[in-house]
Amino acid sequence: GNSVTQMEGPVTLSEEAFLTINCTYTATGYPSLFWYVQYPGEGLQLLLKATKADDKGSNKGFEATYRKETTSFHLEKGSVQVSDSAVYFCALRDNFNKFYFGSGTKLNVKP
Amino acid sequence: DTAVSQTPKYLVTQMGNDKSIKCEQNLGHDTMYWYKQDSKKFLKIMFSYNNKELIINETVPNRFSPKSPDKAHLNLHINSLELGDSAVYFCASSQDPESLSGNYNSPLHFGNGTRLTVT
């Protein structure tokens, strides 16, 4: 069946460090891929998305590229800020209109 | 002009009680969902409704009953609450791909969650 696997956290970085959160997926067909961010006490917000192979989603300095050959959608940011501290979820939407979420990766950014 | 709104934000109650959580979306979406998030942040789909019809009903106890009076509302009623029901419950909505010419790239839009504590 379809699934999403993302690296376990927590990830702790100093401000201005480079961030990578790995995400791989298993799916038939051509799913759409998403990254969501959840700040403390809030719901999940869409961070970025990509809908086909080699698409790059980007928002607020975050980027992720849809790699069909490696079935990956890793999240990156060149210089993290304390305000980026949150839980990040990788997700896919398959061609049967079902969503699958990874287990979430908590990011702590220290000043 | 909140897109997906759910109430209440916090709900503290005793075991055995019955409670409801309300959800409304003003995005014109066709499909609404309920998710449960446990203390480790793991998200689990509970139900999904498309135009007031039940589409997904995962392995959820019968004590949980969703009700959709119209496609903009999906309420969750829980009977005989148990300690293990303590969690954060999220309502969400998405656009139906059929209304987007088969486009499956519409994301989920989430409410801010209801933190349920059963004592």
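Residue numbers start from 1 in every chain, and the chains themselves are labelled A, B, ... in the order their sequence lines are given, proteins ahead of strands. Everything numeric in this text was worked out from a predicted model, so none of it was measured.
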Of all heavy-atom pairs between [X] and [Y], which one has the smallest distance, and what is that distance?
X	Y	answer
G41(A)	K9(B)	O-NZ, 3.2 Å
S94(B)	F99(A)	OG-CE1, 4.1 Å
P107(B)	Y36(A)	CB-OH, 3.4 Å

Say whether [X] and [Y] are linked into one hydrophobic cluster, either directly or through other cluster members, by side-chain heavy-atom distances under 4.5 angstrom.
X	Y	value
L54(B)	L74(B)	yes
L75(A)	Y66(A)	yes
V11(A)	L44(A)	no
L92(A)	M7(A)	yes
V87(A)	W35(A)	no

Next item on the list: Considering only heavy atoms, give the residues of residues 33-49 of chain B separated from chain A by less than 4.5 Å, sorted numerically, with 'none' for an empty result.
Entry: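 Within residues 33-49 of chain B, the residues under 4.5 Å from chain A are Y33(B), Y35(B), Q37(B), K40(B), K41(B), F42(B), L43(B).
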[X] atom [atom1]: more than 12 heavy-atom contacts under 6.0 Å:
X	atom1	answer
K68(A)	NZ	yes
E69(A)	CD	yes
Y10(B)	OH	no
D70(B)	CG	yes
Q81(A)	CD	yes

Check: K52(A), Q38(A), E42(A): which one forms the most heavy-atom pairs within less than 4.5 Å of chain B?
Finding: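 That would be Q38(A).
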Item checked: Approximate separation, where rounding is to 0.5 Å, of Q45(A) CD and N112(B) CG ->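 Q45(A) CD to N112(B) CG: 8.0 Å, rounded to 0.5 Å.
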Check: When rounded to the nearest 0.5 angstrom, what is the spacing between CZ in F34(A) and CG in L108(B)?
Finding: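 Nearest 0.5 Å value for the CZ-CG distance: 7.5 Å.
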Give, as side chain, backbone, both or neither, the part of [X] having an atom under 4.5 angstrom from any heavy atom of chain B.
X	value
F89(A)	side chain
L46(A)	side chain
K106(A)	neither

